[in-house]
Amino acid sequence: MRYDICDKGRSPYPKVGFADLTQPTRKASEMPDSHDDIPGANGDALLFGATPGNRRNHQSLKEMASNYIREGIVSGRLGPGAKVDQDEIAEELGISRLPIREALIELTAKGFVESIPRRGAFVVTLTVEDIEDHFEVVSLLFGLTARRAAKSITSEQLAGLQKLHTQITTARDPAAQLALTYEFYRAINRVGTSERLLLTLRFLAFALPNDFYFSSQRWPATETAYRERVLNALADRDARAAVKAAEEHFGTCTKVTIDELRSRGYWSAMKDEAKAVG
């Protein structure tokens, strides 16, 4: 079966959150017939969901605080360079400052915030080069997994990917579509990676540029185009085409992310502040 490349126009899908690409995936024979039983299909693991009065039992308080801060950064409520007010968050979420401090330690390690001694935690400021560098590294690693997968994928595994692609393109719920998208990535990763490479991919999966990318309305069309190309390459056992598909895909992710931030005035606000200081 061949797949037609879709047009990369604006998508009507609302903005959604981010999830891990590198957790264990199911075998092709275990793929569900609908998206209802996909973990996170109802948005639990995908939408940030940490809003006042919306505490979820399965979330730890640290996860709640972390998700609330990440949502604030990605939505623009916490702009680049903004101080993260622990007291305000504690009041909004109805929790103590301890899990917030724990969340900030984690978010500092993941590159979302910068902690300055005796001053507090501040939202990092990404540059265009930061985003380009991030997706270039991701492109190299996913190109490697795609190349390996093209050489070793079984007919059963390919059928599972094709089934996932169909489910994604027919899913109406954006959260379910995102959950299935990550299932698709995980399936390829498990075919074409080592445990060491998976650890690196997991670290990169939680980077801030990814969250900004998936906040754009253009991500569904961009991901569909990539899935179609990589499926064709894998079906042909064409390692070179699989690598090229990954490279061009993440090049598009770079452009989508930069365009999204420019449309929000992400860098304009910083330029205005710099002029005022000067």
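Nothing here was measured: the structure is a model prediction, and the numbers come from that model.
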* Does K110 NZ have over 12 foreign heavy atoms under 6.0 Å away? -> yes

* Asked: Can any side-chain N or O of D236 pair as donor or acceptor with the backbone N or O of D238 at less than 3.5 Å?
  -> no

* **side-chain contact (heavy atoms from CB on, under 4.5 Å) between V74 and F212, worked out** => CA-CA 6 Å; V74 175; F212 281 130; 4.3 Å; yes

* To do: With sequence neighbours left out, write down each residue that passes salt bridge (charged side-chain N to carboxylate O under 4.0 Å, His left out) with K255, or none if nothing qualifies.
  => D259

* Interatomic distance, I116 atom CD1 to F122 atom CZ [nearest 0.5 angstrom] -> 5.0 Å

* Asked: Between S152 and R147, is any side-chain donor less than 3.5 angstrom from a side-chain acceptor?
  -> no

* Electrostatic pair R186:E183 at N-O distance under 4.0 angstrom -> yes

* Mind listing the closest non-hydrogen atom pair of A65 and I95 along with its distance? => CB-CD1, 4.2 Å

* Looking at CG of L126 and CG of L208, how far apart are the two atoms once the value is rounded to the nearest 0.5 Å? -> 4.5 Å

* Step-by-step side-chain contact (heavy atoms from CB on, under 4.5 Å) determination, Y213 to I131 -> CA-CA 10 Å; Y213 168 68; I131 295 170; over 6 Å; no

* **Point-to-point distance, once rounded to the nearest 0.5 Å, from CD of E136 to SG of C253** => 13.5 Å

* Measure the acute angle between the ring planes of H249 and Y226, then classify it against the limits of 30° and 60° as parallel, tilted or perpendicular. => parallel

* Taking atom CZ of R227 and atom CG of L161, what is their separation to the nearest 0.5 Å? -> 11.0 Å

* Asked: Between K62 and E106, does a side-chain contact (heavy atoms from CB on, under 4.5 Å) hold up when you go through it step by step?
  -> CA-CA 9 Å; K62 184 184 80 170; E106 181 178 278; 3.2 Å; yes

* To do: With R77 as reference, evaluate E88, E71, E92 under the salt bridge (Lys or Arg N to Asp or Glu O under 4.0 Å) test and give the passing residue.
  => E71

* Between the side chain of D211 and the main-chain N/O of F206, is any donor-acceptor distance below 3.5 Å? -> no

* Please round to the nearest 0.5 Å and tell me the distance separating atom NE2 of H165 and atom OG1 of T170. => 9.5 Å

* Using a distance-only test with no angle check, is there a side-chain donor-acceptor pair under 3.5 angstrom linking T193 and T145? -> no

* Scan side-chain atoms only and decide if S66 and E63 contain a donor-acceptor pair under the 3.5 Å cut-off. => no

* Set of salt bridge (charged side-chain N to carboxylate O under 4.0 Å, His left out) partners for E129, sequence neighbours left out -> none

* **Lys/Arg-Asp/Glu bridge criterion (N-O < 4.0 Å) met for E260, R218** => no

* Asked: So, for T125 and P80, which heavy atoms are closest and what is the spacing to 0.1 Å?
  -> OG1-CB, 3.6 Å

* When the ring centroid of F142 is compared with that of Y185, is the distance short of 6.0 Å? -> yes

* Taking all heavy atoms of T181 and all of W219, pick out the closest pair and write down the distance. => OG1-CZ3, 3.9 Å

* May I have the step-by-step check of side-chain contact (heavy atoms from CB on, under 4.5 Å) for D130 and T127, ending in yes or no? => CA-CA 5 Å; D130 290 333; T127 66; 3.1 Å; yes

* So, for T108 and S115, which heavy atoms are closest and what is the spacing to 0.1 Å? -> OG1-OG, 3.1 Å

* Those residues that, when tested against E132, pass salt bridge (charged side-chain N to carboxylate O under 4.0 Å, His left out) (two or more places apart) -> none

* **Distance in Å, F214 CZ paired with T222 OG1, rounded so as to fall on 0.5 Å steps** => 9.5 Å

